Engineer: 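My questions will all concern the structure given below.
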Protein chains: 2
Amino acid sequence: MDAFINNLSVDCVIFGFSNKTLNVLLTKRELKDPDSGMVLFTDFTVQGHHVYKGENINDAASRVLKDKTGFENIFLEQFYTFGDTDRVLKERDQLWIKKKYPMISDHVISVGYCSLVDSSILMPDTSHQDTVWFPIDELPELGFDHAKMIAMALDFLRNKLRHEPIGFELLPEKFTLSEMQSLYEVILGKSIDRRNFSKKVAQMKFIIPLNEKQKGVAHRAAQVYIFSKDVYERTKKDKLILSY
Amino acid sequence: MDAFINNLSVDCVIFGFSNKTLNVLLTKRELKDPDSGMVLFTDFTVQGHHVYKGENINDAASRVLKDKTGFENIFLEQFYTFGDTDRVLKERDQLWIKKKYPMISDHVISVGYCSLVDSSILMPDTSHQDTVWFPIDELPELGFDHAKMIAMALDFLRNKLRHEPIGFELLPEKFTLSEMQSLYEVILGKSIDRRNFSKKVAQMKFIIPLNEKQKGVAHRAAQVYIFSKDVYERTKKDKLILSY
DNA sequence: TTGCATTGCGTATTTTTTACACATCACAAA
DNA sequence: TTTGTGATGTGTAAAAAATACGCAATGCAA
């Protein structure tokens with residue numbers, strides 16, 4: 001039997017990018033009255049789970065990520081730990097907990113993780129029908145303190161993007177400059193001049209043009225690039241700051 | 001009885017600044033053999049304590065800070081949570097735990113906090129004889145995973161200092177430009193041109209010159225400044241980036 | 001009175017950021 | 001085949017920020 005620690009969980013705020021919008025992967029939470037079958041409430045939460053006994057918290061986050069998306073070895077980083085005593089005490093959260101996890105504590109500490117996936121290749125998995133992408137600016141009602149959690153994760157992502165080339169986790173392997181630019185614009189929340197952006201990218205030696213052009217577009221086909229983690233690791237001492 | 005949560009603690013990495021060096025407040029840990037009285041080991045740890053039942057983790061960190069330094073309402077921010085399963089399993093750590101806290105778990109999650117105090121006015125308190133300041137580059141042997149913890153706290157501090165005016169927590173209320181500059185040099189680990197630094201500071205409207213000069217120095221007395229949190233809060237939208 | 005150490009202030013150069021214009025390409029419609 | 005449309009690729013000038021550095025002023029001490 002896999003016993004879990006009854007006061008400790010991990011929550012993964014999973015970001016995806018497709019169609020020029022930044023999305024968050026949420027799971028529907030619906031509680032029905034056991035007698036009448038009437039729906040008591042419906043809302044959404046980020047992907048979380050309790051930590052098992054003898055499990056590293058980082059491993060627990062990887063496990064949650066794999067279970068919910070199928071992805072492994074992708075960007076996954078801790079950003080904050082939520083430890084308020086009242087964070088699971090709202091009425092509907094208590095109803096939910098009592099029904100689903102009756103043995104857990106009233107004071108659950110949750111370690112928040114931020115993760116990035118290319119949501120265009122994440123296939124809807126029939127075993128997770130209740131798991132859906134929401135655009136970051138059209139979030140539904142959220143359970144627990146997950147609204148705050150998502151806000152903090154976004155802040156973390158924004159800061160990270162200015163200093164490290166993490167955006168590529170959100171793009172397909174091969175991408176064009178304007179795809180990359182949209183991503184930066186969406187995350188940073190501001191528009192960037194196309195020509196200046198391309199000059200900036202040209203300085204990043206770890207963004208490598210391929211002998212290949214975009215296909216199937218109704219206009220001039222753009223150059224295709226890949227991100228080389230190798231080159232980045234070798235040259236990262238040459239500091240990177242995107243001062244947008 | 002104040003029961004604590006047996007698998008959750010907070011650790012405060014408390015930084016101080018005096019005499020142009022950055023210091024960390026550590027507590028001596030010495031275990032003696034109960035029979036022979038022989039010292040089994042001696043090392044140091046940062047200031048930590050378990051979290052009580054019904055206590056917010058941020059409150060727990062404030063409590064630790066107050067108990068160890070007497071300070072309240074000073075800079076105190078969470079920077080990372082340490083949750084490896086083996087983090088308290090080293091032999092000497094187990095010996096220590098079994099003797100001092102026999103009831104705690106083998107898997108302790110610890111939320112790391114970073115705090116800043118002006119160590120020149122922190123009087124040695126006789127009730128904390130085993131608590132001493134160490135220069136950041138002359139650390140003694142450390143228990144648990146506290147060497148890593150301090151390294152991460154320093155990194156956090158460094159990044160924070162580039163974006164927010166937190167350094168003033170480490171300085172006396174009234175300070176000179178060269179004191180401020182030493183602080184920045186020590187934390188950022190690089191030297192800064194005195195004249196350029198002063199131009200930069202002149203742009204920060206929340207650093208206010210007083211009608212007052214330094215006293216008791218054997219050379220030209222310097223202008224004295226204070227930091228105004230008020231002015232900072234009102235003007236913080238004008239972004240601050242110290243690009244050193 | 002002079003020497004010493006440190007403060008206060010200014011200017012020139014280099015680098016980075018920002019603003020902006022025009023030609024090119026590839027498909028699609030006429 | 002020609003032409004229109006929409007996005008791509010490149011260059012240059014101005015503004016702002018960062019860096020390098022010189023020199024006079026101050027105040028105590030010898």
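Numbers restart at 1 for each chain; the letters A, B, ... are given by sequence-line order, proteins then strands. The structure displayed is predicted, hence computed values, not measured ones.
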Engineer: With sequence neighbours left out, what residues match Asp43(A) under side chain to side chain contact (heavy atoms under 4.5 Å, CB included)?
Structural biologist: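 Expected list: Arg29(A), Phe41(A), Arg92(A), Glu141(A).
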
Engineer: Can you tell me the distance, in whole Å, between the CG atom of Asp193(A) and the P atom of dT8(D)?
Structural biologist: 13 Å

Engineer: Rounded off to whole Å, could you give me the CG-to-P distance for the Asn196(A) and dA21(C) pair?
Structural biologist: 13 Å

Engineer: When you check the side-chain N and O atoms of Thr27(A) and Thr45(A), is any donor under 3.5 Å from an acceptor?
Structural biologist: no

Engineer: Please produce a list of atom pairs where a protein N or O lies less than 3.5 Å from an N or O of nucleotides 3-6 of chain D.
Structural biologist:
residue : atom : partner   : partner atom : Å
dG6(D)  : N2   : Arg220(A) : N            : 3.1

Engineer: Gln223(B) near the nucleic acid: base, sugar-phosphate alone, or nothing, with a heavy-atom cut-off under 4.0 Å?
Structural biologist: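 Result for Gln223(B) = sugar-phosphate.
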
Engineer: So, taking the atom named OG in Ser178(A) and the one named CD in Gln214(A), what distance separates them when rounded to the nearest 0.5 Å?
Structural biologist: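 Answer rounded to 0.5 Å: 6.5 Å.
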
Engineer: Looking only at N and O atoms, is any donor in the side chain of Arg195(A) or the base of dG9(D) less than 3.5 Å from an acceptor on the other one?
Structural biologist: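 Between dG9(D) and Arg195(A), which were checked side chain against base, a qualifying N/O pair under 3.5 Å is absent.
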
Engineer: What is the separation between atom NZ on Lys200(A) and atom P on dT10(D), rounded to the nearest whole Å?
Structural biologist: 19 Å

Engineer: For residues His146(A) and Leu26(A), determine if any side-chain heavy atom of one lies less than 4.5 Å from a side-chain heavy atom of the other.
Structural biologist: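 No, too far: nothing below the 4.5 Å cut-off.
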
Engineer: Rounded to the Å, how far apart are Phe175(B) CZ and dT7(C) P?
Structural biologist: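 The answer, rounded to whole Å, is 14 Å.
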
Engineer: May I ask you to decide whether Glu77(A) forms a salt bridge with Lys160(A), counting only side-chain N to carboxylate O separations under 4.0 Å?
Structural biologist: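 Yes, this pair counts.
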
Engineer: Could you check how far NZ of Lys213(B) sits from P of dT6(C), rounded to whole Å?
Structural biologist: 17 Å

Engineer: To the nearest 0.5 angstrom, please state how far the CG atom of Leu8(A) sits from the CD1 atom of Ile57(A).
Structural biologist: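 That separation rounds to 6.5 Å.
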
Engineer: Could you state the CD1-P distance from Ile192(A) to dT18(C), rounded to the nearest angstrom?
Structural biologist: 10 Å

Engineer: Mind checking if Ser178(B) touches a base, just sugar-phosphate, or nothing, with heavy atoms under 4.0 Å?
Structural biologist: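 Sugar-phosphate only.
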
Engineer: Of Val217(A) and Arg194(A), whose nearest nucleotide on DNA chain C comes first from the 5' end?
Structural biologist: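 First, find each residue's nearest nucleotide; the 5'-ward one identifies Arg194(A).
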
Engineer: Taking atom types as they are modelled, would you say the side chain of Lys199(B) forms a donor-acceptor pair with the base of dT11(C) within the 3.5 Å cutoff?
Structural biologist: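 Result: at least one qualifying N/O pair found.
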
Engineer: Using whole Å, report how far CZ of Phe197(A) lies from P of dT10(D).
Structural biologist: 15 Å

Engineer: Can you tell me how far C1' of dT24(C) sits from CG of Leu177(A), to the nearest Å?
Structural biologist: 16 Å

Engineer: So, are Glu212(B) and Lys174(B) salt-bridged, with charged N and O less than 4.0 Å apart?
Structural biologist: yes

